[in-house]
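Ligands are counted one by one from 1 in listed order, and the atoms in each one are counted from 1 as well.
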Amino acid sequence: MSKSYDVVVIGAGPGGYIAAIRAAQHGLSAACIDEWQNKDGKNAFGGTCLNAGCIPSKALLESSELYHRAQHEFKKHGISTGDVSMDVAAMQKRRASIVRQLTGGIGGLFKANKVEGLVGHGKLLAGKKVEFTPVDGEPEVIEAGNVILASGSVPIELPVAPFDNDKIIDSWDAIELDAVPERLGVIGAGVIGLELGSVWSRLGSTVTIIEAMDDFLFMADRDVAKVAAKDFKQQGLDIKLGAKMTGAKTVKGGVKVDYEDAEGSHTFEVDKLVIAVGRRAFTDGLFADDAGIQLDQHGFIVVDDECRTRVKGVYAVGDCVRGPMLAHKGSEEGVMVADLIAGEVAEVNYDVIPSVLYTAPEIAWVGKTEAEVKESGRAYKTGSFPFAANGRAKALEQTSGMVKIIAAEDDDEILGVHIVGPMAGELISEAVLAMEFSASTEDLQRTIHAHPSLAEAVHEAALSADKRALNYMNR
Ligand code: FAD
Ligand code: NAI
């Protein structure tokens, strides 16, 4: 007799593994199938996020930031170290160890929650059946009450610069480099380009980034983008805007990159070229032709607001469906779907999904940018507060940047919060919570913030929206 579960999840990234655990917490029998294989040939749960994305990139950002600060900041604190050097192998060992601990932890969580973790390929068949092919095993068909597709995404490959996994590489290769390239090229000044460009630049690479758009960080608020552009330039990142790569050819010792901008055609040479121009939903071999799953014109699985596909009892979550490609977005969709399957009322508030770039300074936002609010026609006010006037930021020696709040003129509701500066990725949580509760700037103004703390900049920005900032001149 074939195995059967209330819920079968295909994909154990942050969308899938969280959905499986939540389903099991509801008392449903759950299995989670995943085929991820690391570069050492070992299978691991956790998907892109834990193995090749969020976690390893943040580990490297921390190591490289400490190295940079030891070189450039310690003296100001009165600390002498002599020559500071970086052991790339040791840095990569730490990164790999963090990944191993966290991915191994998912196996533990599965056991504790009685989720069956199945290592191998999953394929949705017609009639809510799933074909499971274990690694080195024969396919078997599993019966499922409900199926959740959480197959994630993969890097977009450019026809003019196909990956060779040596010199023309994707973000995963760029995370696992075993030496600092003297010259690093990056195509795309998006989240990956800026984070990984920062890592290798801090470690000594000369980094050139080619970005097709004319506006730097086009998805961010303009005031934030302005501060970030200045800081990245100071750090030595050479970001060429309005530039389109026209070709890349591997040559002896490196890669020759051709690009065009308003001034004409240019060529430069690098040792490694990272292509980071976005990711696409990964659905190869995920479902049979007669399974009833529909893809949109960009290749995402078509779902409604509650992540239901067109097939009753089949859902899809995370990077393989519309919306921002963020781990926390996928996880919240996983929770919502498991709750819906268990018969509960559940939803994801897509209006308050925070975005964070873990660069230095960090960049984080939630809600609308000023341009988006202006475009909506709603009357609004703004408040902002610079970290240069914040005591904790001064003590941390990280005074670049600011907090900006946009609120409705009529009822004072907070519409967007944008932060560039120290710990922006942590500070944004207060704004997310405030917006989740439809808070006003007055709510933030009347909330006590510890002193001295970076969060006081959020408090002061809220005060500034009503020209009541206490530690800064109101404009
Ligand atoms: P994934 O994490 O991609 O997981 C999908 C899993 O499904 C994979 O293990 C895959 O092998 C498996 N799979 C697919 N098809 C099948 C099949 N048919 N059978 C079996 N298994 C299958 N997001 C953030 O929020 N914060 C960050 O700081 C951040 N940093 C990032 C840094 C980098 C370099 C990259 C590349 C991404 C980063 N992201 C970050 C994005 C984040 O990694 C993704 O949004 C997130 O992993 C998506 O989760 P998911 O569960 O949808 O898919
Ligand atoms: P992205 O969408 O953030 O940026 C891609 C950039 O490449 C854009 O600025 C785009 O204009 C540019 N581009 C596209 N085609 C180009 C071309 N031919 N030439 C030059 N520039 C070109 O995508 P990225 O950086 O690859 O990241 C993929 C996803 O991973 C993101 O959507 C993000 O959600 C997620 N991610 C999230 C992180 C975080 O939350 N901190 C960190 C890293 C990735």
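Between Glu195 and ligand 1, no pair of N/O atoms sits closer than 3.5 Å. Inclusion of Gly15 in the set of residues having an N or O under 3.5 Å from an N or O of ligand 1 is warranted. In terms of polar-atom proximity, defined here as any N/O pair under 3.5 Å, Thr48 does make such a contact with ligand 1. Not one N or O of Ala52 is nearer than 3.5 Å to an N or O of ligand 1, by distance alone. The N/O atoms of Ala327, backbone and side chain alike, include one that comes under 3.5 Å of an N/O atom in ligand 1. Taking any N or O of Phe282, backbone or side chain, none lies under 3.5 Å from an N or O belonging to ligand 1. Not a single N or O atom of Asp284, backbone or side chain, sits closer than 3.5 Å to an N or O atom of ligand 1.
For atom 7 (O) of ligand 1, the nearest protein heavy atom (residue, atom name, distance) is Gly11 CA, 3.2 Å. The protein non-hydrogen atom at the shortest distance from atom 45 (O) of ligand 1 is Asp319 OD1, 2.8 Å. For atom 32 (C) of ligand 1, the nearest protein heavy atom (residue, atom name, distance) is Gly53 C, 3.3 Å.
Ranked by closest heavy atom to atom 44 (C) of ligand 2, the top entry among Val186, Ile363, Ile192 is Ile192. For atom 53 (O) of ligand 1, the nearest non-hydrogen atom from the set Gly323, Gly152, Ser331 comes from Gly152. Taking each of Ala243, Gly278, Ala161 in turn, the one with a heavy atom nearest to atom 24 (P) of ligand 2 proves to be Gly278.
Residue Leu326 touches ligand 1 through backbone and side chain together, judged by heavy-atom distances below 4.0 Å. With a 4.0 Å cut-off on non-hydrogen atoms, Ile187 touches ligand 2 through its side chain and not its backbone.
The closest approach between a heavy atom of Tyr358 and any atom of ligand 1 is below 4.0 Å. Residue-ligand proximity: Pro324 is placed with every non-hydrogen atom at 4.0 Å or more from ligand 2.
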